[in-house]
Amino acid sequence: MDVQAKKKLGLKEKYAHMTRGLDWETTYQPMDKVFPYAKFEGIKVHDWDQWQDPFRLTMDAYWKYQAEKERKLYAILDAYAQNNGHLGVTDARYVNALKLFLTGVSPLEYMAHRGFAHVGRAFPGAGPRIACQMQSLDEIRHVQTQVHAASNYNKFYNGLHQFRHQHDRVWYLSVPKSFFDDAFTAGPFEYMIAIGFAFEYVLTNLLFVPFMSGAAYNGDMSTVTFGFSAQSDEARHMTLGLECIKFMLEQDPDNLPIVQRWIDKWFWRGYRVLTLVAMMMDYMLPKRVMSWKEAWEIYAEQNGGALFNDLARYGVRPPKGFAAACGDKDYLSHQAWSVFYSYGAAAPFHTWTPSPEENDWLSAKYPSSFDKYYRPLWEFYAEQQKQGNRFYNKTLPMLCQTCQIPMFFTEPGDPTRICYRESDYNGMKYHFCSDGCKEIFDNEPEKYVQAWLPVHQIYQGHCFKEGTDPTAPGFDPLKAVLDWYNLDFGRDNLDYEGSEDQKNFAAWRGMATRNE
Amino acid sequence: MAVKALKPYKGEVKDNVERFHGMQLLYIGWDDHKMFVAPFAFVFPPNMRFGDICEKVLPGAFGYHPDWKKVDMSKAQWLKSSQPWTPDMTKTLAELGLKHKDALRFITPGLTGLKGSSY
């Protein structure tokens with residue numbers, strides 16, 4: 001008998017076998033009914049086989065890699081928890097950056113899981129279907145590991161206990177939520193530009209990386225570890241996003257104007273979400289990695305600039321709002337932190353005024369703007385606080401109809417003037433924080449008239465717990481709204497100075513480092 | 001079509017005036033005082049006198065700022081939808097033609113925030 005031992009299949013061959021015939025033409029039902037979302041956005045595709053997936057990862061290899069990563073990650077998380085690793089962070093103020101991440105970003109990972117599952121089903125081509133399926137699984141892994149990493153902090157610190165409940169309710173969380181809802185309710189091609197390209201490729205270095213390096217600089221090994229574990233998936237995600245945009249542009253010249261408008265839109269929407277990261281980097285990390293302005297210059301101006309030079313051969317130009325965003329780099333983080341400081345009663349994390357040393361750091365990093373515009377404010381607040389007159393703004397702010405952020409952004413080129421823009425649509429006025437947000441609305445007003453703006457919803461009476469009587473004597477609407485948020489007043493919110501987190505951290509660290 | 005969709009699509013308007021229990025939204029911002037980070041969103045009945053808003057509501061909203069006690073509302077310069085606008089303090093919102101979701105801002109000449117910082 002002549003038995004020849006068969007050579008094992010290589011990854012490429014395995015991939016080819018796995019995807020072989022997955023994109024068959026249906027006969028019982030027309031293809032347009034099986035893939036109803038494939039054409040309505042106007043993107044023309046002539047040959048799905050042109051889709052390149054450089055990773056060609058097969059499912060068995062995928063499970064093997066991911067399982068290995070999970071084992072390492074959970075070994076470190078366990079060790080961190082058992083050794084009370086949280087007492088080794090620079091300062092408990094740092095934990096507020098984690099609260100921001102868990103309430104604002106982790107629920108988006110879950111939405112990304114759903115989104116990629118959906119668009120993976122919607123594409124008629126086999127290549128993107130496989131890649132989207134794997135990314136969908138990655139994303140649910142990310143949200144799980146993030147929740148697990150944060151659950152250790154939740155045992156010791158306030159404000160982490162209701163992240164999922166709050167994501168759908170709290171005023172500032174409507175910003176990341178509406179961002180993703182906008183992407184999720186678009187067609188599959190727009191979703192890929194929104195999340196796969198703009199978010200995962202163009203902006204990820206300004207979203208994910210600052211949180212993870214912030215964790216490393218501040219002694220939070222558990223967050224660093226889930227960051228690394230997730231980051232190893234990001235190479236695949238970035239490739240998918242870039243492959244998708246190139247594919248659309250190569251398939252038909254008519255796709256260019258559609259893709260360009262999505263790039264303009266999703267750069268701007270993503271940039272608005274990054275507002276939270278800007279203030280986190282400059283104000284919330286006890287030990288700073290770099291300033292927001294420095295990060296913007298490296299990751300957006302240099303790296304982003306190179307990317308768009310690369311894409312220029314397809315006729316793509318940099319996003320319309322890019323210059324405006326670069327113009328804001330001296331102001332954004334300071335303006336944003338002043339919002340959270342003044343509305344510090346209404347968010348489930350702590351805020352504070354920068355210390356004199358921190359003011360000096362900010363002044364050195366922002367020589368043209370900090371002393372002129374922002375130092376007087378922080379020094380005034382610190383002085384008032386000393387006199388027991390800490391500012392908590394109780395009057396609700398006007399919000400942008402598109403990004404849903406309080407209208408605090410300033411006119412391009414003039415950091416002293418609030419930027420007001422408005423549109424009339426079907427007999428009603430709509431207000432915007434910027435030309436970018438106004439243009440997004442004007443392109444698709446029927447979508448954005450539906451915005452669930454927290455301030456308006458509060459005034460309409462939709463943000464109180466069932467059974468609340470707003471006509472009762474002494475009714476306090478702010479307290480009632482915070483109650484509906486499941487925010488534990490006096491523990492989850494208000495200033496860091498005097499908070500339970502601050503007291504506990506000092507006491508526990510004292511026990512860990514001294515003999516008492 | 002005013003939205004990219006599979007089929008004709010009408011969005012549900014979430015902020016029409018009928019949803020505000022007889023009130024209407026009015027936004028008011030104080031230029032050069034970004035301690036109040038964004039214009040405020042208020043709800044008022046249409047028969048509210050504009051003067052009452054200035055005398056009874058705005059002090060509660062803006063009073064924390066040291067500039068507030070120097071403000072002479074009769075000298076404030078107003079903008080409505082970024083165009084100059086002159087209110088009559090004795091008239092109501094309806095009489096002044098202020099509609100649901102109108103945006104007003106006012107400038108108080110000479111007052112430019114803490115140490116001239118616009119905050």
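Here is the naming used below: chain letters follow the sequence lines, and residue numbers restart at 1 for every chain. This structure is a prediction, so every number in the text was calculated from the model and none was measured. FYI, side chains are in, hydrogens and waters are out, and symmetry mates aren't considered; it's all heavy atoms of this structure.
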Student: Where on A/Asp442 is there a heavy atom nearer than 4.5 Å to chain B: the side chain, the backbone, both, or neither?
Tutor: neither
Student: A/Glu41: what forms a salt bridge (Lys or Arg N to Asp or Glu O under 4.0 Å) with it, not counting sequence neighbours?
Tutor: none
Student: Please confirm whether the backbone N or O of B/Lys101 pairs with a side-chain atom of A/His431, one donor and one acceptor, at under 3.5 Å?
Tutor: yes
Student: Chain A heavy atoms under 4.5 Å from B/Tyr119: which part of the residue, side chain, backbone, both or neither?
Tutor: side chain
Student: Any sub-3.5 Å donor-acceptor pair from A/Tyr420's side-chain atoms to B/Pro39's backbone N or O?
Tutor: no
Student: Are more than 12 heavy atoms, taken from residues, nucleotides or ligands other than B/Lys99, located less than 6.0 Å from that residue's NZ atom?
Tutor: no
Student: Examine whether an atom of A/Ala186 lies under 4.5 Å from a heavy atom of chain B, and if so say whether it belongs to the side chain, the backbone or both; otherwise answer neither.
Tutor: neither
Student: What do you reckon, is NZ of B/Lys14 surrounded by more than 12 foreign heavy atoms closer than 6.0 Å?
Tutor: yes
Student: May I ask you to name which of A/Tyr374, A/Tyr448, A/Trp452 has the most heavy-atom pairs under 4.5 Å with chain B?
Tutor: A/Tyr374
Student: Nearest 0.5 Å please: distance from the CE atom of A/Met398 over to the CG atom of B/Leu26.
Tutor: 9.5 Å
Student: With respect to chain B, which residue among A/Gln401, A/His462, A/His456, A/Gln457 yields the maximal number of heavy-atom pairs within a distance under 4.5 Å?
Tutor: A/His456
Student: Of all the heavy-atom pairs spanning A/Met428 and B/Asn16, show the shortest one and how long it is.
Tutor: SD-CA, 3.8 Å
Student: CZ/B/Phe62 to OG1/A/Thr395 distance, rounded to the nearest 0.5 angstrom?
Tutor: 8.0 Å
Student: Is there any residue in residues 406-416 of chain A with a non-hydrogen atom under 4.5 Å from a non-hydrogen atom of chain B, and which ones are they?
Tutor: A/Pro406, A/Met407, A/Phe408, A/Thr410, A/Pro415, A/Thr416
Student: Measure the spacing between CG of A/Leu396 and CG of B/Leu25 and express it to the nearest 0.5 Å.
Tutor: 10.0 Å
Student: Measure the spacing between CG of A/Leu377 and OG of B/Ser118 and express it to the nearest 0.5 Å.
Tutor: 9.5 Å
Student: Determine the option with the most heavy-atom pairs under 4.5 angstrom with chain B, choosing from A/Pro397, A/Gly427, A/Gly461.
Tutor: A/Pro397
Student: Contact part of A/Tyr430 toward chain B, heavy-atom cut-off under 4.5 Å: side chain, backbone, both or neither?
Tutor: both
Student: Kindly assign one of parallel, tilted or perpendicular to the pair A/Tyr381 and B/Tyr64, based on the angle between their ring planes and the thresholds 30° and 60°.
Tutor: tilted
Student: Count the heavy-atom pairs under 4.5 Å between each of A/Gln384, A/Glu379, A/Lys394 and chain B, then report the option with the highest count.
Tutor: A/Gln384
Student: So which part of A/Val455 gets closer than 4.5 Å to some heavy atom of chain B, the side chain, the backbone, both or neither?
Tutor: side chain
Student: The test is side chain to side chain contact (heavy atoms under 4.5 Å, CB included); show your working for B/Val13 and A/Tyr425 and say whether it passes.
Tutor: CA-CA 11 Å; B/Val13 176; A/Tyr425 181 68; over 6 Å; no
Student: What part of A/Leu453 gets closer than 4.5 Å to chain B, counting heavy atoms only: side chain, backbone, both or neither?
Tutor: side chain
Student: Using a 4.5 angstrom heavy-atom cutoff, name the option from B/Thr112, B/Val37, B/Val43 with the most pairs to chain A.
Tutor: B/Val37
Student: In terms of heavy-atom pairs under 4.5 Å, which option from A/Lys372, A/Lys447, A/Arg417 contacts chain B the most?
Tutor: A/Arg417
Student: Who among B/Ala41, B/Gly60, B/Pro66, B/Ala38 has the most heavy-atom pairs with chain A under 4.5 Å?
Tutor: B/Ala41
Student: Check whether any side-chain heavy atom of A/Tyr373 sits under 4.5 Å from a side-chain heavy atom of B/Lys34, and report yes or no.
Tutor: no
Student: Any chance you could lay out the side chain to side chain contact (heavy atoms under 4.5 Å, CB included) test for A/Glu190 and B/Lys4, step after step, and finish with the verdict?
Tutor: CA-CA 10 Å; A/Glu190 183 177 348; B/Lys4 204 85 185 161; 5.6 Å; no
Student: Need one label for A/Phe380: side chain, backbone, both or neither, based on atoms under 4.5 Å from any heavy atom in chain B.
Tutor: side chain
Student: What's the spacing between B/Asp102 CG and A/Glu422 CD if we round to 0.5 Å?
Tutor: 7.5 Å
Student: Rounded to the nearest 0.5 Å, how far does CD of A/Gln460 lie from CE of B/Met23?
Tutor: 12.5 Å
